[in-house]
Amino acid sequence: METEVRTPPTICGMGHRMKRKEDARFLFGKGRYVDDIKLPGMLYMDIVRSPFAHARIKSINAERALAMDGVVAVITGKDLEKYNLHWMPTLMGDTQMVLPTDRVMYQAQEVAAVIATDRYIAADAVEAIEVEYEPLEPVVDPFRALEPDAPVLRTDKGKTDNHIWHWEVGDREATERAFQEADVVVKQQIYIPRIHVASIETCGCIADYNPAEGKLTVYMTTQAPHVVRTALALVAGHVGLSEEKIRVISPDIGGGFGGKVPTYPGYVIAIAASVLLGKPVKWIEDRSENLQADSFARDYHITAELAATKDGKITALRIKTLADHGYTDAAANPSKFPAGLFSICTGSYDIKHAFVEVDAVYTNKPPGGVAYRCSFRVTEAVHAIERMVDVLAQKLGMDPAELRFRNFVQPDQFPYKSALGWEYDSGNYPAALRKAMDLIGYEELRREQAERRARGELIGIGISSFTEIVGAGPSRHFDILGIKMFDSCELRIHPTGKAIARFGTKSQGQGHETTYAQIIAEELGIPAAHVQVEEGDTDTAPYGLGTYASRSTPTAGAAAAMAARKVREKARKIAAYLLEVSEEDLEWEPGVFRVKGAPDKSVTIQEIAFAAYTNHPPGMEAGLEAVHYYDPPNLTFPFGSYICVVDIDKGTGQVKIRRFVAVDDCGHVINPMIVEGQIHGGLTMGFAPAMMEELVYDEEGNILTGSFMDYLLPTAVETPRWETARTVTPSPHHPLGAKGVGESATVGAPAAIVNAVVDALSPYGVTHIDIPITPYKVWKILHEKGVV
């Protein structure tokens, strides 16, 4: 019988195209989501929702529901009020109703909850509850909300109007002077509509209160388990649920994109029900609830202006924005800036003067402010500046690529301080745009465009040269509920040289189990296959601020590298002891310490790991492990240049994306396969709002796009073929030189698509089109301009 020869696993550190470790369980249907979990004696919850956007609750009659077999309880705002659980804080320091006691403030708001032995019984009982409403005048338009005679929505806060906050940044006077001295000024109204993350898995939880121990376990679809635990302790601490008695477990998540950062009323209601009844309570949204009542993104009304010289040098930027935040300021925006990172709106350009102001208002819409796969208003910022650069190019009669080259921040200017206060870490914007132009054949396309225009055909070429800002974490700028935005890694090497690493982040499909393992493999030489990665359990993971805003690699990835380096330093001491040399006599290569000048004299990381538990230096503590909490010195600034080519059918207004080339720069790449997958997915999520997605409300506050029949998402049929490439400009302050990439494509794609469509229609005097660019919208423009 032959002896089996096993090939040692490769290390698969940074830069390797390693298949994702987590994919096997998903491909074989072994993922474990909240709705897969069943606990003994579990009850089910469904929610009564308001049909009105604004109304007074006159009465709630639950008698018919309570008489139904299987119905255990009905919970109203009056019930929660007894325990002071009818309000809860938001991430922006505002307050939000859990269940209302007197007024509903948006259509589909939670009004009451039914607890039953079966989810379908609970759904039937919801229909049996009789709520008497007195309709009130709704405020749906944010401009109407600011009018003196508009109904005041948040009287509970002592408000006398609907204005939430005013925020500004930049030098107003210097910017005004620059505009007065400019040769050319362009101005454009831009609306970026409200959209929804629409992840595959809706939100949900199981609240499991154990009366005997006074402990609460919550299985939850959350991107930030530790922060949710702290928030729940703040809400419910007065009823005995202090933080050490709360455990939040976030199992596999079917997409988050920012929509699973907030703490929703359904979570708190389920927890209250479990505490009151002493049994587990499960709540899972249906798709309509998810689309109609969860937090939303964007809804920005922007007035943007650029000042420039006659030869195309941009001298100043001025932006005024009105943000519709719905009935509460629930924005997922953990920073000291109310408008998030919108002040990155100078983009990739060396603009000397800029001034930006943003006002937020309350309306009778669901809470707004989620970062839809972008870093807190960055998509809005990029869309504004990239549209304005094209508006200026059109005004000057200049090629939009040439205008960008003329205004780019140059490589030798980094680190670059923007006019609005951000210090960009590194970049080479001209190289990225030049690469995109070469890949797509830009000059030849322009020649083809001229020929086809002469025949009356509509072809457009659009560019977006964006700068992202990711890695929310510098504690001087970012916190949630006062907690500084570090992130963490706890790394332990077992005696056999295998490892377990736990993190405060939570993957929703980004490939953390593979990426983090590859970072540790790079730093320690332990094969990535031998590194187990765990997240999402507040009882085992070190405290972290979660996954959103493309912060996993910039913060938790850095924490992994730093923890591994701490382990390596202890390993060096053990290696010196084993080899009977001084530490200075050792040199490191992945997985091995060798004696300088005597390469055959060496010890592997696996041998060191075993010695850490059996034969370590006298006086040294046993074990080989480390914890690191990483507070980044700055954010990171990935960037890219995208070029889109469209053809437009005159008869139907249909826009077809013929080619789309995306060149991204996210610094050093950990796993090219994962990066490419993130970019492809992000481009599709950028294509969607540019061409399809929009949440629409009528003047009464009724949502008109509350299902997938009306709220359109791209399928494989509509999604274009993406062509990707990259440049590499490492971040100088990140331990790995990495920058993050998960949201770049979503940020950069919409402007490229819009710029292409406007370029196609520019011969007919079209200078701007608001997204989404639907066939009807284009068809209408063609008829208004007399093109057909």
Side-chain angles (χ1 to χ4, degrees), residues 11-16 18 20-22 223-224 375 425-426 468-474 478 485-491 499-524 526 528 531-536 541-568 590 626-638 664-679 726 728-744:
I11 292 174
C12 281
M14 286 181 59
H16 289 270
M18 175 182 173
R20 301 196 328 171
K21 297 173 63 176
E22 52 267 68
Q223 298 173 229
S375 300
D425 53 357
S426 63
E468 243 274 58
I469 178 170
V470 303
F478 294 87
M485 289 194 69
F486 52 81
D487 230 291
S488 56
C489 172
E490 177 190 285
L491 175 61
I500 182 170
R502 294 186 170 113
F503 294 85
T505 50
K506 178 57 195 173
S507 177
Q508 312 113 55
Q510 296 94 332
H512 287 183
E513 293 175 40
T514 305
T515 299
Y516 293 154
Q518 287 187 260
I519 291 171
I520 292 166
E522 180 75 16
E523 295 292 334
L524 291 178
I526 295 173
V531 181
Q532 179 181 342
V533 171
E534 293 184 0
E535 303 175 293
Y543 201 104
L545 278 295
T547 295
Y548 39 86
S550 197
R551 67 186 301 271
S552 296
T553 295
T555 54
M562 300 304 289
R565 291 174 191 180
K566 288 180 179 178
V567 166
R568 195 168 72 207
V627 179
H628 192 86
Y629 289 81
Y630 182 75
D631 182 1
N634 190 10
L635 295 104
T636 60
F637 294 78
D664 279 277
D665 193 313
C666 59
H668 285 148
V669 172
I670 296 162
N671 185 320
M673 187 183 299
I674 288 179
V675 167
E676 289 163 13
Q678 287 287 293
I679 291 171
R726 66 176 182 266
V728 178
T729 311
S731 172
H733 63 76
H734 190 275
L736 302 169
K739 290 189 174 188
V741 75
E743 297 171 341
S744 291

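- A donor-acceptor pair is defined here as one N or O able to donate and one able to accept, closer than 3.5 Å; such a pair exists between the side chain of Asp487 and the backbone of Leu545.
- Counting only distance, with no hydrogens or angles, the side chain of His628 and the backbone of Arg565 share no donor-acceptor pair below 3.5 Å.
- Minimum interatomic distance between Pro554 and Gly471 (heavy atoms only, all atoms of both residues): CB-CA, 3.6 Å.
- Between the CE atom of Met562 and the CD atom of Glu523 there is a distance of 9.0 Å, given to the nearest 0.5 Å.
- Applying side-chain contact (heavy atoms from CB on, under 4.5 Å) to Val531 and the options Ile519, Thr514, Ile520, Ile500 leaves one that passes, Ile520.
- By the 4.5 Å heavy-atom criterion applied to side chains, His734 and Pro632 are not counted as neighbours.
- Using a 4.5 Å heavy-atom threshold, the side chains of Thr553 and Thr636 count as separate.
- To the nearest 0.5 Å, atoms NE2 (His733) and OG (Ser426) are separated by 7.5 Å.
- With hydrogens and angles ignored, the 3.5 Å screen pairs no side-chain donor or acceptor of Arg551 with any backbone N or O of Gly473.
- With contacts defined as side-chain heavy-atom distances shorter than 4.5 Å, the pair Glu513/Ser507 does not qualify.
- Contact between Val567 and Ala626 at its shortest, heavy atoms only, is CG2-CB, 3.8 Å.
- Of all heavy-atom pairs spanning Pro542 and Tyr629, the tightest one is CB-OH, 3.7 Å.
- Rounding to the nearest 0.5 Å gives a distance of 10.5 Å between OG of Ser731 and CG of Asp665.
- In this structure, the side chain of Ser488 engages the main chain of Tyr543 through a donor-acceptor pair within 3.5 Å.
- A donor and an acceptor atom, one from each side chain of Lys739 and Thr729, are nowhere located under 3.5 Å apart.
- Rounded to the nearest 0.5 Å, atoms OH (Tyr630) and CE (Met485) are 14.0 Å apart.
- One finds the NZ atom of Lys506 at 6.0 Å from the CD atom of Glu535 (value rounded to the nearest 0.5 Å).
- Taking CD of Gln223 as the start and OG of Ser552 as the end, the distance is 9.5 Å to the nearest 0.5 Å.
- Between Thr547 and His512, some side-chain heavy-atom pair lies under the 4.5 Å cut-off.
- Taking both residues in full, the closest heavy atoms of Ala564 and Leu524 are given as O-CD2, 3.4 Å, listed atom of the first, atom of the second, then distance.
- Between Leu736 and His668, the shortest heavy-atom contact is O-ND1, 3.1 Å.
- Side chain of Glu743 to main chain of Ser550: a donor-acceptor pair is present (N/O by atom type, distance under 3.5 Å, no hydrogens or angles).
- Residues Val741 and Pro638 are not in side-chain contact: their nearest non-hydrogen atoms beyond the backbone lie 4.5 Å or more apart.
- Using a distance-only test at 3.5 Å, with no hydrogens or angles considered, a donor-acceptor pair links the side chain of Glu522 to the main chain of Met14.
- Using a distance-only test at 3.5 Å, with no hydrogens or angles considered, a donor-acceptor pair links the side chain of Lys21 to the main chain of Ala528.
- Of all the heavy atoms in Pro672 and His16, the pair that sits closest is CD-O, 3.4 Å.
- Under the 30°/60° scheme for interplanar angles, the aromatic rings of Phe503 and Tyr516 are found to lie parallel.
- In summary, of the residues considered (Gln518, Arg20, Gln678, Glu676), a side-chain hydrogen bond (donor to acceptor under 3.5 Å, both in side chains) with Asn671 occurs for Gln518 alone.
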